[in-house]
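Note sheet for the following structure.
No experiment lies behind these values; they were computed from the predicted model shown.
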Amino acid sequence: MQYNSPSLSRSPLLITLEPTSDNNNSNNQGSNPRGGGGGHNRNRSFFTPLGSPIRKAIQMTKLDPQDAWLPITESRNGNAYYAAFHTLCSGIGIQALVLPVSFTILGWTWGIISLTIAFIWQLYTLWVLVKLHESAETGMRYSRYLHLFSATFGDKMGNIFAAFPIMYLSGGTCVALIIVGGSTSKLFFQILCGEGCTAKPMTSVEWYLVFTCAAVILAQLPNLNSIAGVSLIGSITAICFCTIMWLVSVTSGRLDGVSYDPIKEEPNMAYIFSVLNAFGIIAFAFRGHNLTLEIQGTMPSDEKKPSHVPMWRGVKVAYLIVALCLFPLTIGGYWAYGHKIPSSGGMLTAIYQFHGRDTSQAVLALTSLFVIVNAVSSFQIYAMPMFDDMESKYTGRMNRPCPWWLRALFRVMFTYGCFFVAVAIPFLGSLSGLIGGVAVPITFAYPCFLWLKIKKPKKQSFMWYLNWGLGVSGIVLSVILIAAGVYVVIDTGIKVSFFKPA
């Protein structure tokens, strides 16, 4: 361990020293710098910002000097509240709006069962990741999902099986957020302008650009802890638009001719793939595990209060709120619209399509505003691993912190790169089932295999059977969902319009 690590002064991982008396100071002046004196002298031979039970804490938590230079671990002043904000902001978002679409294929019974199982399953794997953040054997903190996977299974396995899904989730989600945020901004302007508006409307590309500029400005916040306020705003707006949507849908009553019979396609193979695609939509709603270790990495840690304690406390509160948002939104939306719910846009499209005239324009405008603010807030937390990865390549090669102008350039390049992809592939939102299949291992499978490899539970014990069963099931489900997603995309003939946003 490097005692002069720059991360120590800026990243207070361990507990703070209690003030010492002048007598103690005078007694230590003649002590052996290697700890040849008494017990107090040995403790004081370490750096002063750290805690008095220093040796055990150091054995538990080793620090990487470069951590103090990277945006995820630059500040380690996080707490349970910050964890709740970040987890909630990444746990609720645009992916929740298409959940009722899965019920049109699965029906009431299997839809609710599948949603409940997926929620419990991903909550368990989230607990696994929180517990694996700190290793008592190696004394390391794994503040990035890819680092934990590579340290466990090797760099080659990490690059093959983990790097693409993790980066795909972060980058792909950012692109989807630009599409949804830009489209909703256009809709918000139309609502404010009214039917008799004479102002020349901007194109979808121009609204994408407006949203991207707002994202670029917020992206200049330096590290993950500094966007805690942004995540809080994103969480509040997510709760608000989810609540407004299901309340408007339920209070307006069911549409005429609503049917809850699952849509069955012919031949049987097409129906089977449609069912699997519905599972992919549900799986996509619970993406976000690729941010769990990163969020926990912003917290201090010591032997008496390791970081998993406040992290799990924040996660429990966050996912209680997630459940209170997702389940009413899904069940209420399906009850109100049944098989008539639009497959593209889900609840957001349904609100304007079916209630655009009988609902207050102020409510519709406020809902749109909440969606926009949530999208630009969620963009920051999903983009942070990408910012961290770009800066880590510079600090690893140059062995110095990234200068502010280069950090700003990296973030501008990434954000406008996402804008370019959003303009080039505006139909990305129609691929939620396929994206869900790619995200399944990160959320449902890999944490189980990590637990088996690191914790080594006794063979044929409950934890051994549980993790093997969930891990293998997650991998099989991922392969099937990807195949089903590809089949549905080909079979339904998604309108492909490169560089032609609607």
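With contacts defined as side-chain heavy-atom distances shorter than 4.5 Å, the pair Leu209/Val205 does not qualify. Taking the side chain as every heavy atom from C-beta outward, Met347 and Ser249 approach each other to under 4.5 Å. No side-chain heavy atom of Ile166 sits under 4.5 Å from any side-chain heavy atom of Phe149. Using a 4.5 Å heavy-atom threshold, the side chains of Val216 and Arg411 count as separate. Using a 4.5 Å heavy-atom threshold, the side chains of Phe241 and Asn374 count as touching. The closest side-chain heavy-atom distance from Thr125 to Cys448 is below 4.5 Å. Looking only at side-chain heavy atoms (C-beta outward), Trp121 and Phe286 stay at 4.5 Å or farther from each other. Within the 4.5 Å cutoff, the side chain of Lys455 has heavy atoms near those of the Leu132 side chain.
Checking Asp358 against Ser252 by side-chain atom types alone, no donor-acceptor pair falls below 3.5 Å. At a cut-off of 3.5 Å, with distance as the only test, a side-chain donor of Glu134 or Ser301 sits close to an acceptor on the other residue. At a cut-off of 3.5 Å, with distance as the only test, a side-chain donor of Tyr124 or Asn467 sits close to an acceptor on the other residue. Side chains of Ser135 and Arg141: a donor-acceptor N/O pair is absent below 3.5 angstrom, by distance only. At a cut-off of 3.5 Å, with distance as the only test, a side-chain donor of Ser307 or Gln296 sits close to an acceptor on the other residue.
Between the side chain of Thr184 and the backbone N or O of Gly181 there is no donor-acceptor pair closer than 3.5 Å. Formation of a donor-acceptor pair under 3.5 Å by the Gln380 side chain with backbone atoms of Ala219 is found in this model. Side-chain N or O atoms of Ser478 include none that pairs as donor or acceptor with a backbone N or O of Gly474 at under 3.5 Å. No side-chain donor-acceptor contact under 3.5 Å links Tyr145 to the backbone of Leu293. No donor-acceptor distance shorter than 3.5 angstrom exists from the side chain of Tyr382 to the backbone of Leu291, with no hydrogens or angles considered. The main-chain N or O of Val101 is found under 3.5 Å from a side-chain atom of Thr104 such that the two form a donor-acceptor pair. Between the side chain of Ser102 and the backbone N or O of Leu99, at least one donor-acceptor pair lies under 3.5 Å. A side-chain donor-acceptor contact under 3.5 Å links Ser461 to the backbone of Lys458. For Lys340 (side chain) and Asp256 (main-chain N/O), a donor-acceptor pair under 3.5 Å exists by modelled atom type. No side-chain donor-acceptor contact under 3.5 Å links Thr415 to the backbone of Val412.
Within a 6.0 Å radius of OH in Tyr260, other residues, nucleotides and ligands contribute more than 12 heavy atoms. In the displayed structure, Phe444 atom CZ is contacted under 6.0 Å by more than 12 heavy atoms of other residues, nucleotides or ligands.
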Subject >> side-chain contact (heavy atoms from CB on, under 4.5 Å) between Ile227 and Ile381, intermediate numbers included >> reply: CA-CA 8 Å; Ile227 65 169; Ile381 189 169; 4.3 Å; yes
**OP:** Show the numbers, then the answer: is there a side-chain contact (heavy atoms from CB on, under 4.5 Å) between Ile475 and Val440?
**Re:** CA-CA 8 Å; Ile475 294 296; Val440 161; over 6 Å; no
Original post:
Between Ile92 and Cys242, is a side-chain contact (heavy atoms from CB on, under 4.5 Å) present by the stated rule, with each step listed?
Top reply: CA-CA 9 Å; Ile92 306 179; Cys242 286; 3.7 Å; yes
Original post:
Run the side-chain contact (heavy atoms from CB on, under 4.5 Å) check on Met386 and Met167 step by step: do they pass?
Top reply: CA-CA 7 Å; Met386 304 299 292; Met167 297 305 172; 3.4 Å; yes
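Aromatic ring orientation, Phe419 versus Tyr416: perpendicular (interplanar angle above 60°, classes split at 30° and 60°). Classification of the Trp451-Trp127 ring pair by plane angle, with boundaries at 30° and 60°, yields tilted. The aromatic rings of Trp108 and Tyr334 sit perpendicular to each other, their planes meeting at more than 60°, with 30° as the lower class boundary. Ring planes of Tyr319 and Phe119: tilted class, angle from 30 to 60°. By the 30° and 60° cut-offs, the orientation of the rings of Phe211 relative to Phe379 is perpendicular. Classified by interplanar angle (parallel below 30°, tilted 30° to 60°, perpendicular above 60°), the ring pair Phe387/Phe414 is perpendicular.
The minimum heavy-atom distance linking Ser378 with Cys89 is given by the pair OG-O, 3.5 Å. Of all heavy-atom pairs between Ile282 and Ala118, the closest is CG2-CB, 3.7 Å. Closest heavy-atom contact between Leu481 and Gly280: CD2-N, 3.6 Å. The minimum heavy-atom distance between Pro71 and Met384, with the atom names listed, is CB-SD, 3.7 Å. Nearest heavy-atom pair, Pro165 versus Ile442, reported as atom, atom and distance to 0.1 Å: CB-CG1, 3.7 Å. Across all their heavy atoms, Gly332 and Val250 have their closest contact at CA-CG2, 3.9 Å.
For Trp110 and Phe103, the ring centers are positioned 6.0 Å apart or more.
Just one of Ser183, Ser368, Cys193 meets the side chain to side chain contact (heavy atoms under 4.5 Å, CB included) condition when paired with Phe188; it is Ser368. When the options Phe161, Trp468, Phe153 are evaluated for a ring pair (Phe, Tyr, Trp, His ring centres under 6.0 Å) with Phe449, the one that passes is Trp468.
Note that the OG1 atom of Thr73 and the CE atom of Met299 stand 14.0 Å from one another [nearest 0.5 Å]. Atom CZ of Phe85 is separated from atom CG of Leu232 by 4.5 Å, given to the nearest 0.5 angstrom. A distance of 9.5 Å separates CG in Asp389 from OG in Ser170, rounded to the nearest 0.5 Å.
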